[in-house]
Engineer: 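The following block contains the structure, expressed as structure tokens.
All residue numbers in this chain count up from 1 along the given sequence.
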Amino acid sequence: MKVKLLRALARCIAALAVGAALFSVTAASRQEHTTNSRVQKGRAAFYSPALEGHKTACGGRYVASELTTAHRSLPCGTRVRITNTKNGKSVEATVNDWGPTSRNRIVDVSRAVAEKLDFVKQGTATVKIEIVQ
């Protein structure tokens with residue numbers, strides 16, 4: 001019985017290791033590196049109106065009319081240029097929160113950013129993110 005349990009546990013660990021390796025390869029393939037800045041491409045969505053006034057990970061409050069964004073790895077206060085790859089519109093925003101929680105997206109943005117990038121009706125858009133400072 002113990003042997004069967006140990007073998008099953010070993011198979012689970014091996015499967016997790018393979019899955020983690022595949023995930024990191026997939027995530028790495030979505031990123032491009034240039035000589036002077038890091039560039040990422042992926043999906044973006046904007047915050048729900050219900051989150052207005054809620055505290056962000058950086059200590060401030062979410063304000064839909066401000067040009068802010070949430071990113072998983074960039075530190076608070078980082079300025080980024082976000083470009084809608086479909087229409088070429090871009091805007092600079094400040095990282096003020098950690099997220100998104102969905103693995104299908106690389107960034108969540110305020111409603112003001114979504115309006116400037118012209119994807120409010122669609123709800124999500126494919127974007128390119130470049131670090132400005």
Side-chain angles (χ1 to χ4, degrees):
M1 182 72 172
K2 287 183 182 180
V3 173
K4 286 183 179 180
L5 185 59
L6 288 173
R7 285 183 184 157
L9 183 60
R11 282 193 299 271
C12 288
I13 291 171
L16 285 172
V18 169
L22 288 174
F23 177 77
S24 65
V25 168
T26 303
S29 67
R30 291 184 192 157
Q31 295 181 3
E32 296 177 3
H33 296 279
T34 60
T35 56
N36 60 359
S37 69
R38 194 170 95 194
V39 177
Q40 291 180 317
K41 290 182 183 177
R43 299 297 290 172
F46 64 96
Y47 282 107
S48 162
L51 295 175
E52 180 79 27
H54 280 77
K55 195 171 184 177
T56 67
C58 297
R61 300 270 175 203
Y62 168 65
V63 179
S65 61
E66 293 179 355
L67 300 175
T68 58
T69 185
H71 194 278
R72 278 188 199 92
S73 61
L74 294 176
C76 295
T78 302
R79 299 278 301 159
V80 293
R81 180 177 299 109
I82 305 171
T83 305
N84 183 334
T85 59
K86 186 174 181 180
N87 61 23
K89 293 182 179 182
S90 68
V91 65
E92 286 189 17
T94 303
V95 174
N96 77 333
D97 204 0
W98 185 88
T101 55
S102 171
R103 291 284 174 199
N104 296 328
R105 297 191 307 270
I106 62 168
V107 70
D108 280 340
V109 300
S110 65
R111 183 169 179 103
V113 171
E115 288 172 354
K116 294 222 181 249
L117 297 178
D118 197 22
F119 73 87
V120 173
K121 275 187 174 179
Q122 296 82 10
T124 64
T126 302
V127 297
K128 177 175 73 170
I129 302 171
E130 302 169 274
I131 296 173
V132 176
Q133 69 179 46

Engineer: Just grab all the disulfide (SG to SG under 2.5 Å) pairs involving residues 78-133, residues at least two apart or on different chains.
Structural biologist: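 Those involving residues 78-133 do not exist here.
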Engineer: Sort and list the pairs that fulfil side chain to side chain donor-acceptor pair (under 3.5 Å) and have at least one residue in residues 111-123, not counting sequence neighbours.
Structural biologist: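 For residues 111-123, and leaving out neighbouring residues, the side chain to side chain donor-acceptor pair (under 3.5 Å) pairs sorted by first residue read Arg111-Glu115.
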Engineer: What about Val120 and Val127, same hydrophobic cluster or not, with Ile/Leu/Val/Met/Phe/Trp/Tyr joined at side-chain heavy-atom distances under 4.5 Å?
Structural biologist: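 Yes, Val120 connects to Val127 through the hydrophobic network.
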Engineer: Closest approach of Val109 and Ala114, non-hydrogen atoms and distance?
Structural biologist: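 It is CG2-N, 4.0 Å.
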Engineer: Under 4.5 Å between side-chain heavy atoms, chaining through other members, with only Ile, Leu, Val, Met, Phe, Trp and Tyr counted: pull out the rest of the cluster around Tyr47, sorted by chain and number.
Structural biologist: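 Same cluster as Tyr47: Leu51, Tyr62.
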Engineer: With sequence neighbours left out, write down each residue that passes side chain to side chain donor-acceptor pair (under 3.5 Å) with Arg61, or none if nothing qualifies.
Structural biologist: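 Arg61 satisfies side chain to side chain donor-acceptor pair (under 3.5 Å) with no other residue.
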Engineer: For a quick test of reading the model, state the closest non-hydrogen atom pair linking Gly88 to Thr83 and the distance between them.
Structural biologist: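 The pair with the smallest heavy-atom distance is O-CG2, 3.8 Å.
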Engineer: Which pairs with one or both residues in residues 73-123 pass disulfide (SG to SG under 2.5 Å), sequence neighbours excluded?
Structural biologist: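 As it turns out, the disulfide (SG to SG under 2.5 Å) pairs with a partner in residues 73-123, which skip direct neighbours, are Cys58-Cys76.
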Engineer: Looking only at heavy atoms, what is the nearest atom pair of Phe46 and Ser110, with distance?
Structural biologist: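 So the two residues come closest at CB-O, 3.9 Å.
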Engineer: Taking a hydrophobic cluster as the set of Ile, Leu, Val, Met, Phe, Trp and Tyr residues connected by side-chain heavy atoms closer than 4.5 Å, whether directly or through intermediates, do Trp98 and Val113 fall within one such cluster?
Structural biologist: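 In one cluster: no.
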Engineer: Specify the closest pair of heavy atoms between Thr85 and Lys128, including all atoms of both residues, with the distance to one decimal.
Structural biologist: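 Nearest heavy atoms, Thr85 then Lys128: CG2-N, 4.0 Å.
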Engineer: Measure across Pro100 and Asp108 and return the closest heavy-atom pair with its distance rounded to 0.1 Å.
Structural biologist: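 For Pro100 and Asp108, the tightest heavy-atom pair comes out as CB-OD2, 3.1 Å.
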Engineer: Give me the atom names and distance for the closest heavy-atom approach of Ala45 to Arg105.
Structural biologist: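 Where Ala45 meets Arg105 most closely, the heavy atoms are CB-CD, 3.3 Å.
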Engineer: If the condition is side-chain contact (heavy atoms from CB on, under 4.5 Å), which residues does Ser65 pass it with, not counting sequence neighbours?
Structural biologist: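 Ser65: side-chain contact (heavy atoms from CB on, under 4.5 Å) contacts with Val63.
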Engineer: Once disulfide (SG to SG under 2.5 Å) is applied, what residue pairs with a partner in residues 90-133 remain, sequence neighbours excluded?
Structural biologist: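 Passing the test, one end in residues 90-133: no pairs.
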Engineer: Is a donor on one side and an acceptor on the other found under 3.5 Å between the side chain of Thr78 and the backbone of Val95?
Structural biologist: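 Answer holds: no.
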Engineer: List in chain and number order the residues that pass salt bridge (Lys or Arg N to Asp or Glu O under 4.0 Å) with Asp97, two or more places apart in sequence or in another chain; answer none if no residue qualifies.
Structural biologist: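 Result, salt bridge (Lys or Arg N to Asp or Glu O under 4.0 Å) vs Asp97: none returned.
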Engineer: Give, for atom CD of Gln40 and atom OG of Ser73, the distance between the pair rounded to the nearest 0.5 Å.
Structural biologist: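 That separation rounds to 5.5 Å.
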Engineer: Sub-3.5 Å donor-acceptor pair from the side chain of Asn84 to the main-chain atoms of Leu117, do we have one?
Structural biologist: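 Confirmed, Asn84 side chain pairs with Leu117 backbone.
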Engineer: According to the disulfide (SG to SG under 2.5 Å) rule, which pairs have a member within residues 92-133, sequence neighbours left out?
Structural biologist: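 Output for this query is empty, none listed.
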Engineer: Suppose we screen for side chain to side chain donor-acceptor pair (under 3.5 Å). Which residues come up paired with Asn96, at least two apart in sequence or across chains?
Structural biologist: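 Listed in chain order: nothing, the list is empty.
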Engineer: Who are the side chain to side chain donor-acceptor pair (under 3.5 Å) partners of Thr126, not counting sequence neighbours?
Structural biologist: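 Partners of Thr126 under the side chain to side chain donor-acceptor pair (under 3.5 Å) test: Arg43.
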Engineer: Please name all residues satisfying side chain to side chain donor-acceptor pair (under 3.5 Å) with Glu92, sequence neighbours left out, ordered by chain then number.
Structural biologist: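 By the side chain to side chain donor-acceptor pair (under 3.5 Å) rule, Glu92 matches Arg79, Arg81.
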Engineer: Roughly how far, to the nearest 0.5 Å, is the OG1 atom of Thr69 from the CD1 atom of Ile129?
Structural biologist: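 It comes to 6.0 Å.
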